[in-house]
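Keep in mind it's a predicted model, so treat the numbers as computed, not measured.
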Amino acid sequence: MSKVAIIGAGVSGLSMANYLEKNNIDYHIYERRTPNDLKGHGFILPKEGIEHLSSIINIDDLYTKGSFLKKYLHYSQSGEIISEKDLDDVFVVSRSALIEILAKGIPAEKISYETTVALNGFSNGKADITLDENTPLEADIVIASDGSRSRIRRTIFQDETMKAVLENEVVNIIENEELASQIESNFLKFHHENGGLTFGVLKLSSSKILWYCQFDISKFFINEDYTPDCIKQFMQDHFGDWNPLISSIIEGSSYENAHIWRVYELEELNPFYHENVVFIGDSAHPLIPFTSQGVTSALKDSFTLTQLLLEGNDIQETFKKYEEERKPEIEIHIKNGRALLNQFLLPLSEQPKNTLPISYK
């Protein structure tokens, strides 16, 4: 079996590595960040995502780190309920917890942190890659999982157009048992009456709450300095007079690890492969947050690609089949995500009832 190099140790890269590990395929992961760079946002996992995870991790480990969400409750900014809908096996977990769980399945000698990767071109159908500017990388297959702003993808597809999405987010986790006790295991989302501003609350455990705000960047501005004080001030300015639960969460949170999510999307999807390089997860297809399908899509990419590699066919045929199988579903999520974005921008009075903030194929 071919030697595989995985570029990036986020959720998609670690998922791919776990599938390869389970199937005895030789690989090594290269990650430019440190192993403890686990700044804080979280993920929603629909049922399919949990099913795929259960084949590569001890699923009980996951269940101790997050919680199942029973209902989606949509509120006005003051707390008047607009609609509610039951959720079917939807799970929430912090990014750091999921990364730690996935990393458990990877032997330490198979991952190199603080390693920079540069793609210099192609020779005889293979990527010419150097590590830390001077060491050649020898690999038959290169799996790029280096995120939505993938450097490898942008080097190969230099004509691609990445555009800013009208929505950005602030995501954070608060550890406060008293506040968490006030919240059932539901997905709460509060919507400003004029549209383009929301606050979401998801209970991770008896003491932890994952929260986020989404804002229309044409109406709201957050200081580019990204300082914790700046983020807190932004939250106080725009959410301080909302429902008391929200103001309590804002005031009680530390902002040292708050994550500002600048959202971009590809104007048009690139091919999912080039020569011996293949893309998975956000590096192949950045999905905007409204889909809640980023992790599940990365898991399905990893599973599909592994199964095709096990067939032992020519690499180009393998990559072609991978794209043919995965691209149609991704295009559905992109379409659904854009529709949910447009709904987010609408005033509360024009919001459709009983719409879930999750894309389903």
Side-chain angles (χ1 to χ4, degrees), residues 10-11 32-45 65-67 69 77 92-100 147-149 164-180 182-183 187-192 196-264 282 286-292 294-295 341 344 357:
V11 170
R32 65 186 176 89
R33 302 183 185 186
T34 63
N36 58 355
D37 186 0
L38 298 173
K39 274 202 173 179
H41 62 292
F43 302 115
I44 291 174
L45 288 168
K65 300 292 185 180
S67 66
L69 303 172
Q77 67 200 70
V92 61
V93 65
S94 70
R95 178 181 184 274
S96 60
L98 184 55
I99 292 286
E100 287 170 1
S148 61
R149 307 297 301 277
V165 174
L166 273 176
E167 177 261 357
N168 282 183
E169 299 195 4
V170 174
V171 191
N172 204 359
I173 291 173
I174 177 174
E175 187 156 4
N176 185 309
E177 194 166 345
E178 182 180 349
L179 279 175
Q182 300 174 29
I183 304 169
F187 182 169
L188 315 180
K189 195 166 187 178
F190 298 80
H191 204 118
H192 193 279
L197 192 65
T198 63
F199 192 95
V201 181
L202 304 101
K203 185 173 181 176
L204 287 170
S205 70
S206 60
S207 63
K208 287 185 179 179
I209 297 169
L210 170 69
W211 64 261
Y212 67 93
C213 79
Q214 299 168 316
F215 55 96
D216 178 348
I217 61 172
S218 70
K219 295 179 180 178
F220 305 97
F221 174 77
I222 190 164
N223 195 306
E224 290 288 343
D225 288 341
Y226 297 166
T227 65
D229 287 345
C230 163
I231 301 170
K232 184 171 184 177
Q233 189 63 55
F234 175 87
M235 298 304 301
Q236 290 171 329
D237 289 346
H238 299 296
F239 298 92
D241 62 350
W242 284 36
N243 182 268
L245 172 65
I246 297 172
S247 57
S248 296
I249 289 173
I250 290 170
E251 292 302 324
S253 294
S254 166
Y255 291 81
E256 293 300 321
N257 290 316
H259 175 71
I260 297 176
W261 192 348
R262 302 289 186 189
V263 184
Y264 294 86
D282 285 344
L287 295 175
I288 64 175
F290 293 99
T291 65
S292 297
V295 171
L341 169 63
F344 156 77

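Between F43 and H41, the ring centre distance stays below 6.0 Å.
Of all heavy-atom pairs between A180 and K203, the closest is O-NZ, 3.0 Å. Nearest heavy atoms, I250 versus Y255: O-OH, 2.8 Å. Y264 approaches V165 most closely through the heavy-atom pair C-CG2, 4.0 Å. Looking at every heavy atom in both residues, L210 comes nearest to N172 through CD1-O, 3.5 Å. A pairwise comparison of heavy atoms in S248 and L179 identifies CB-CD2, 3.7 Å as the closest pair.
The closest donor-acceptor contact from the side chain of S94 to the backbone of G66 lies at 3.5 Å or more, if one exists at all.
Evaluation of the side chain to side chain donor-acceptor pair (under 3.5 Å) rule for S148 yields no partner, not counting sequence neighbours. Checked against side chain to side chain donor-acceptor pair (under 3.5 Å), Q182 has no partners two or more places apart in sequence or in another chain. Considering only residues two or more places apart in sequence or on other chains, E169 meets the side chain to side chain donor-acceptor pair (under 3.5 Å) condition with Q214. Residues forming a side-chain contact (heavy atoms from CB on, under 4.5 Å) with S207 (at least two apart in sequence, or on another chain): E175, E177, S205. Applying the side chain to side chain donor-acceptor pair (under 3.5 Å) rule to N168 yields the partners R262; only residues at least two apart in sequence or on another chain are considered.
Partner F199 forms a ring-ring contact (aromatic ring centres under 6.0 Å, His included) with one of Y212, W211, F190 and no other, that one being W211.
Within the structure, every pair that satisfies the side-chain hydrogen bond (donor to acceptor under 3.5 Å, both in side chains) test and touches residues 234-245, not counting sequence neighbours, is listed here: Q233-D237, Q236-E251.
Considering CD1 of I209 and CD1 of I249, their distance stands at 4.5 Å, rounded to 0.5 Å. Here the CG atom belonging to L197 is positioned 9.0 Å from the CZ atom belonging to F215, to the nearest 0.5 angstrom.
No more than 12 heavy atoms of other residues, nucleotides or ligands shown are found within 6.0 angstrom of CZ on R33.
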